[in-house]
Amino acid sequence: MADWVKYLAQDWGHWMRKMDRQSISGTLGRIQEQGLDGAAIRGHVDNIPIIDFPRDVQKFHSAYKRLDPHHQKIIFLDFRIANVPHGEKFKALGLKKDTYYRRRREALDTIVREMALSR
């Protein structure tokens, strides 16, 4: 596995956490941010930030969305959730350490292939 994909996964996690922090809470917050018409329309899709969202991170996110659910969970836990000890991650998925890291490697390798095919 190439080292660059780990760094890209960390960037993806950073951007996704940043997007989470920018979420608007409550009806008044949506009205203030989006206006009356925008607040009335609630999207039911997987949102990704449009402004300042780097192209390579966007490609990573698209490849992540095409992963199998068990691979998505590992990438989500390892790179999007910050400051959780690895032992808790293993327990959360019910995996042993070596199985966890093998599946993480498989998931990142799949993302690399998906990104190469989408060029």
Side chains of residues 85-98: which donor-acceptor pairs under 3.5 Å do they make with residues two or more places apart or in other chains?
unit_1: K89; atom_1: NZ; unit_2: L77; atom_2: O; d: 3.2
unit_1: K89; atom_1: NZ; unit_2: D78; atom_2: OD1; d: 3.3

Working to the nearest 0.5 Å, report the span between [atom1] of [X] and [atom2] of [Y].
X	Y	atom1	atom2	answer
K59	E114	NZ	CD	11.0 Å
L108	W4	CG	CH2	9.5 Å
M16	D11	CE	CG	13.0 Å
I81	F76	CD1	CZ	4.0 Å
L67	K73	CG	NZ	13.0 Å
R80	R17	CZ	CZ	9.0 Å

_Audit row: H14, Q10, side chain to side chain contact (heavy atoms under 4.5 Å, CB included) steps and yes/no_ = CA-CA 6 Å; H14 164 77; Q10 290 171 350; over 6 Å; no
*Check against side chain to side chain contact (heavy atoms under 4.5 Å, CB included), M115 and L8*: CA-CA 12 Å; M115 288 178 68; L8 185 55; 3.5 Å; yes
*For side chain to side chain contact (heavy atoms under 4.5 Å, CB included), just list the numbers for T99 and R102, CA-CA rounded to whole Å, side-chain angles, deciding distance to a tenth of an Å, and then say yes or no.*
CA-CA 5 Å; T99 306; R102 182 173 31 87; 3.6 Å; yes
_Can you confirm whether R113 sits close enough to T110 that some side-chain heavy atom of one is under 4.5 Å from a side-chain heavy atom of the other?_
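They are in contact (side-chain heavy atoms under 4.5 Å apart), so the answer is yes.
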*Could you tell me whether the side chain of S62 reaches within less than 4.5 Å of the side chain of R66, counting heavy atoms only?*
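Answer yes - side chains close enough.
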*Step by step, would you call W12 with F79 a ring-ring contact (aromatic ring centres under 6.0 Å, His included)?*
CA-CA 8 Å; W12 171 81; F79 297 104; 7.6 Å; no
*Looking at R104 and I74, what are the two nearest heavy atoms and their distance?*
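Heavy atoms of R104 and I74 come nearest at CB-CG2, 3.6 Å.
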